[in-house]
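To keep things clear, I will list the structure first and then write my remarks on it.
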Amino acid sequence: MEKTTQLYEGKAKKVFATNDPQYVIVSYKDDATAFNGEKKGTIVGKGAINNQMSNMLMQMLEKHGVPTHFVEQLSERETVVKKVTIVPLEVIVRNISAGSFAKRYGVKEGIVFDQPTFEFSYKNDDLGDPLLNTSHALALKLATAEEIDTIRTMALKVNDLLKDYFAKLNVTLVDFKLEFGRLADGTIVLADEISPDTCRFWDSTTGEKLDKDRFRRDMGGVEEAYQEMMRRLTGEGK
Ligand code: TMP
């Protein structure tokens, strides 16, 4: 598969057209942003780690019946994926209080929920990705009621699969953000990425943060955290 023209450049990835209209190539960057692009930096090696980690996880999810955009990894940073129209919803599942949940509701981080929470943000940088509920998403025609049902069922299944998968690596999956896309025939598939940029990972023994919060909160050890997650996933260096 050949890259042709660049279609889009986002905060963490570029997307290229290919000679086949069904497929695009994503290229992962080391650029990191937080707080809707207000904070900018570089996490050396992040692009290669997020690409490979996301591909491993998407393949695991496919094996368990979750349809994804993944097609084929081309190189350390580049992957062929199915071309989709992204549903403009950031789909967030939480198992433990942290981040904006802890802040919004005035609770400490680390409260383990009896059941996962499920929420949407409107994927719109100009508005700062505001939180919205299902009736808001329907009013704004961001997705149909049927699509929202599908997305909710898939996101909760992804949570069950990822929670178990990471638990075996002594990693607690605190929360994460997913994005879904529509194929040309309307089928909903999991898209975007699953990585330390889009998940909160805590070491299950020490509670140490192994994700992008280290960058967001200027904690240091950012590259090391991404590398540590990659080591646990690939089973290398043990
Ligand atoms: P939050 O607690 O800041 O709402 O984040 C919830 C989860 O979503 C967390 O795992 C990080 C991820 N996330 C993104 O992937 N992109 C974003 O722009 C934000 C704000 C959070």
Side-chain angles (χ1 to χ4, degrees), residues 1-59 67-92 99-100 120-130 132 140 142-143 151 176-184 188-200 211-218 222-223 225-227 229-230:
M1 190 97 24
E2 293 284 309
K3 271 195 290 194
T4 56
T5 51
Q6 184 173 309
L7 296 175
Y8 173 78
E9 177 161 6
K11 287 182 281 207
K13 296 188 282 298
K14 292 179 186 175
V15 181
F16 296 88
T18 68
N19 36 15
D20 185 329
Q22 282 183 293
Y23 301 115
V24 295
I25 293 174
V26 291
S27 178
Y28 284 72
K29 307 190 288 184
D30 284 354
D31 299 352
T33 63
F35 315 117
N36 201 19
E38 260 175 60
K39 180 182 170 82
K40 289 191 172 67
T42 302
I43 301 175
V44 177
K46 171 171 88 77
I49 288 175
N50 286 6
N51 180 41
Q52 293 170 73
M53 187 181 298
S54 189
N55 291 343
M56 289 177 63
L57 295 170
M58 294 252 181
Q59 288 174 87
T68 78
H69 70 166
F70 176 78
V71 178
E72 183 194 7
Q73 186 167 303
L74 290 181
S75 67
E76 265 199 334
R77 283 175 191 271
E78 292 189 337
T79 295
V80 181
V81 299
K82 292 175 188 161
K83 188 183 171 99
V84 298
T85 312
I86 291 285
V87 177
L89 292 170
E90 302 210 338
V91 177
I92 296 162
S100 70
F120 295 124
S121 292
Y122 180 16
K123 188 174 157 62
N124 182 320
D125 282 342
D126 293 341
L127 300 176
D129 297 340
L132 88 186
L140 294 168
L142 305 181
I151 286 171
F176 57 93
K177 183 264 300 180
L178 301 175
E179 294 183 25
F180 292 85
R182 300 180 187 100
L183 300 178
I188 295 282
V189 299
L190 181 61
D192 193 48
E193 68 179 270
I194 306 173
S195 72
D197 274 19
T198 64
C199 302
R200 286 195 172 92
D211 58 61
K212 192 176 165 190
D213 269 351
R214 302 197 76 87
F215 169 81
R216 296 188 187 100
R217 301 177 189 192
D218 294 320
V222 183
E223 278 87 359
Y226 281 69
Q227 288 161 11
M229 281 304 302
M230 194 61 188

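Note: Glu72 CD to Thr79 OG1 = 9.0 Å, rounded to the nearest 0.5 Å. Annotation: the span from Met56 atom CE to Ser195 atom OG amounts to 13.5 Å, rounded to 0.5 Å. The CD atom of Glu78 lies 4.5 Å from the OG atom of Ser27; values are rounded to the nearest 0.5 Å. From Asn50, atom CG reaches atom NZ of Lys13 across 8.0 Å, with rounding to the nearest 0.5 Å. Between atom CG of residue Asn55 and atom CZ of residue Phe70 there is a gap of 4.5 Å, rounded to the nearest 0.5 Å. Leu127 contributes atom CG, which lies 10.5 Å from atom CG of Leu132 (distance to the nearest 0.5 angstrom).
Between Asp30 and Gly47, the shortest heavy-atom distance links the atoms OD1-N, 2.8 Å. Nearest heavy atom pair, residue Lys11 against residue Asp125, reads NZ-OD1, 3.4 Å. Scanning both residues, Glu179 and Leu190, for their nearest heavy atoms gives O-CD1, 3.6 Å. The two residues Phe215 and Lys40 make their nearest non-hydrogen contact at CZ-C, 4.0 Å. Nearest heavy-atom pair, Ser54 versus Asp192, reported as atom, atom and distance to 0.1 Å: OG-O, 4.2 Å. Counting all heavy atoms, side chain and backbone alike, Thr18 lies closest to Thr4 at N-OG1, 3.6 Å.
Remark: the backbone N or O of Gly10 is not paired with any side-chain donor or acceptor of Asp31 at under 3.5 angstrom.
Residue pairs meeting the salt bridge (Lys or Arg N to Asp or Glu O under 4.0 Å) criterion with at least one member in residues 79-91, sequence neighbours excluded, do not occur.
Contact annotation: the side chain of Cys199 approaches that of Ile194 to within less than 4.5 Å [non-hydrogen atoms, C-beta and beyond]. At least one side-chain heavy atom of Asp213 sits less than 4.5 Å from a side-chain heavy atom of Arg200. Looking only at side-chain heavy atoms (C-beta outward), Ile188 and Arg182 come within less than 4.5 Å of each other.
The ring pair (Phe, Tyr, Trp, His ring centres under 6.0 Å) search around Tyr226 returns none, not counting sequence neighbours.
Other residues, nucleotides and ligands contribute only 12 or fewer heavy atoms inside 6.0 Å of the CD atom of Glu76.
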